[in-house]
Amino acid sequence: MPELPEVETVRAGISPHIKGAKIRGVEVYHRQLRYPIPEEIEQLYGATIEDVERRAKYLILTTSKGKVLIHLGMSGAIRILSDDFEHKKHDHFVLRLSEEKVLIYNDPRRFGFILLYGNDEPIPFLEKLAPEPLSDAFSAEYLHPKLKGRTRPIKSILMDQAFVVGAGNIYANESLFMAGIDPKRPANNLSFGEVERLVAEVKKVLARAIEQGGTTLKDFTTPDGSPGYFAQELLVYGQKGQPCPLCGQEIVRIVLGNRATYFCPQCQK
DNA sequence: AAGTCTACCTGAGGGC
DNA sequence: TGCCCTCAGGTAGACT
């Protein structure tokens, strides 16, 4: 489900509700996610949530008693409700907060995870990540040299968090379409100019998707329960057989790196 | 080393 | 209606 724009939407949605809140209860209903929720998570009892940040597709809750690292996997969702909330199927983890609020982690497929780190402890998951796509550090000057010797399809590179973070299958497809680049192209044969175009489009697509509250394909909702509106702006993702919005030729679906890939053979070279 | 494939898990939707 | 198959927003780890 969630790529950078969805995770950023979640961060922005939950932050005003939980920043400054005190943790009044920690409840684990299903410990077995991608990694088990650590037993020590109960130590958060009594802690204050000081900050809510996002890095790549990770959420980091900084509390007075440690940092909570959350990844939503494919189907994770967070909602903030009042403490008389109704449980839903696949609610795995609940933080009860001051002012009768609760934070609920729900994840049908359980590919997400929740881990706990000390405030001075490095978080291994964050150490090998590429720069944030919306920062100046993500540029053609950064990316083009990194593609040297890489023969993988450029689309696989875009989805590899060691090259660019935050783009998953939807936004990799959309960015390549916007840049007019064939997703199958070996990464190392993109010119500097093409990489410049691609970098610019990745930034534009992600920024626009954040403005729209992310993409709701089926089950993604923002923490207040409303959908993201970027789905109606998708130009190629999921559009197999539909006319290309630029040239009218049929959008094609292929498989690259085991992931569905959509593109216009006419517009993307 | 780099690239490819598999596994993890549930649910929705299509074909029959 | 129901069974079986395929597919789905991510990523680590095991292969070649």
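The chains referred to below are lettered A, B, ... by the order of the sequence lines, with proteins before strands, and numbering in each begins at 1. These numbers were taken from a predicted model, which means no experiment stands behind them.
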* Take the protein atom CG of A:L72 and the nucleotide atom P of C:dG10, then report the distance between them rounded to whole Å. => 11 Å
* For A:F125 and C:dG13, give me the distance from atom CZ to atom P, rounded to whole Å. => 8 Å
* To do: Determine: side-chain N/O of A:R152 to OP1/OP2 of B:dT4, distance under 4.0 Å, yes or no.
  => no
* Give a yes/no on whether any side-chain N or O of A:K89 is located under 4.0 angstrom from OP1 or OP2 of B:dT10. => no
* Give A:F230 one of three labels, base, sugar-phosphate or nothing, depending on what nucleic acid heavy atoms sit under 4.0 Å from its own. => nothing
* Pi-cation contact, A:F163 with A:K146 (under 6.0 Å, within 45°) -> yes
* Asked: Is A:F111 stacked on the base of C:dT11, with ring centres under 5.5 Å apart and planes under 30° apart?
  -> no
* **Among B:dG11, C:dG9, C:dA12, the nucleotide that comes nearest once only the side chain of A:P108 is considered** => B:dG11
* Asked: Within less than 4.0 Å of OP1 or OP2 of C:dT11, is there a side-chain N or O belonging to A:K57?
  -> yes
* Asked: To the nearest angstrom, how far is A:M74 atom CE from B:dA7 atom C1'?
  -> 12 Å
* To do: Could you give the distance separating C:dT11 and B:dG11 at their P atoms, to the nearest angstrom?
  => 22 Å
* Asked: Is it true that the side chains of A:K155 and A:N169 contain a donor and an acceptor less than 3.5 Å apart?
  -> yes
* Centroid separation A:F230 to A:Y237 less than 6.0 Å -> no
* How would you label the contact of A:N169 with the nucleic acid (heavy atoms, under 4.0 Å): base, sugar-phosphate, or nothing? -> sugar-phosphate
* Asked: Can you check the A:R253 CZ to C:dC7 P distance for me, whole Å?
  -> 6 Å
* Asked: For B:dT10, does OP1 or OP2 lie under 4.0 Å from any side-chain N or O of A:R110?
  -> yes
* Rounded to the nearest angstrom, tell me the gap between atom CZ in A:F163 and atom P in C:dT11. => 15 Å
* Mind calculating the distance between CG (A:L158) and P (B:dG3) to the nearest angstrom? => 14 Å
* Under 4.0 Å between a side-chain N/O of A:H90 and OP1 or OP2 of B:dG11, yes or no? -> yes
* Asked: Quick one: the side chain of A:R150 and the base of B:dA2, do they pair up donor-acceptor inside 3.5 Å?
  -> no
* Asked: Mind checking the P distance from B:dT6 to C:dT6? Whole angstroms is fine.
  -> 14 Å
* **Side chain of A:E3 - closest among C:dA8, B:dG11, C:dG10** => C:dG10
* Asked: Distance check: side-chain N/O of A:T151 vs OP1/OP2 of B:dG3, anything under 4.0 Å?
  -> yes
* Asked: Looking only at N and O atoms, is any donor in the side chain of A:R34 or the base of C:dT11 less than 3.5 Å from an acceptor on the other one?
  -> yes
* Whole angstrom value for the distance that separates C1' of C:dT11 from CG of A:L126 -> 14 Å
* Rounded to the Å, how far apart are A:R109 CZ and B:dA12 P? -> 12 Å
* Asked: Taking only N and O in the side chain of A:Y237, is any of them less than 4.0 Å away from OP1 or OP2 of C:dG9?
  -> yes
* Structure fact -> Checking N1-N3 plus N6-O4 or O6-N4 for Watson-Crick, or N1-O2 and O6-N3 for wobble, each under 3.5 Å, the partner of C:dG9 is none
* **Heavy atoms from other residues, nucleotides or ligands near OH of A:Y45 exceed 12 (cutoff 6.0 Å)** => no
* Asked: With sugar-phosphate meaning primed atoms plus P, OP1 and OP2, does A:Y58 contact a base, only sugar-phosphate, or nothing at under 4.0 Å between heavy atoms?
  -> sugar-phosphate
* Considering only the P atoms, how many Å lie between C:dC7 and B:dC5, rounded to the nearest integer? -> 15 Å
* Nucleotide of C:dG9, B:dT4, B:dC9 approaching A:R259 most closely (side-chain heavy atoms) -> C:dG9
* Asked: Can you tell if the side chain of A:T215 reaches within under 4.5 Å of the side chain of A:Y229, non-hydrogen atoms only?
  -> no
* Asked: Picking from A:H90, A:H92, A:H87, what satisfies ring pair (Phe, Tyr, Trp, His ring centres under 6.0 Å) with A:Y29?
  -> A:H87
* Asked: Taking only side-chain nitrogens and oxygens of A:Q161, does any of them come within less than 4.0 Å of OP1 or OP2 of C:dG10?
  -> no
* C:dT11 phosphate, OP1 or OP2, under 4.0 Å from A:H71 side-chain N/O -> yes
* To do: Map A:H30 and A:P153 onto DNA chain B by nearest heavy atom, then report which one ends up closer to the 5' terminus.
  => A:P153
* Asked: Under 3.5 Å, is there a donor-acceptor pair between the side chain of A:N173 and the main chain of A:Y262?
  -> yes
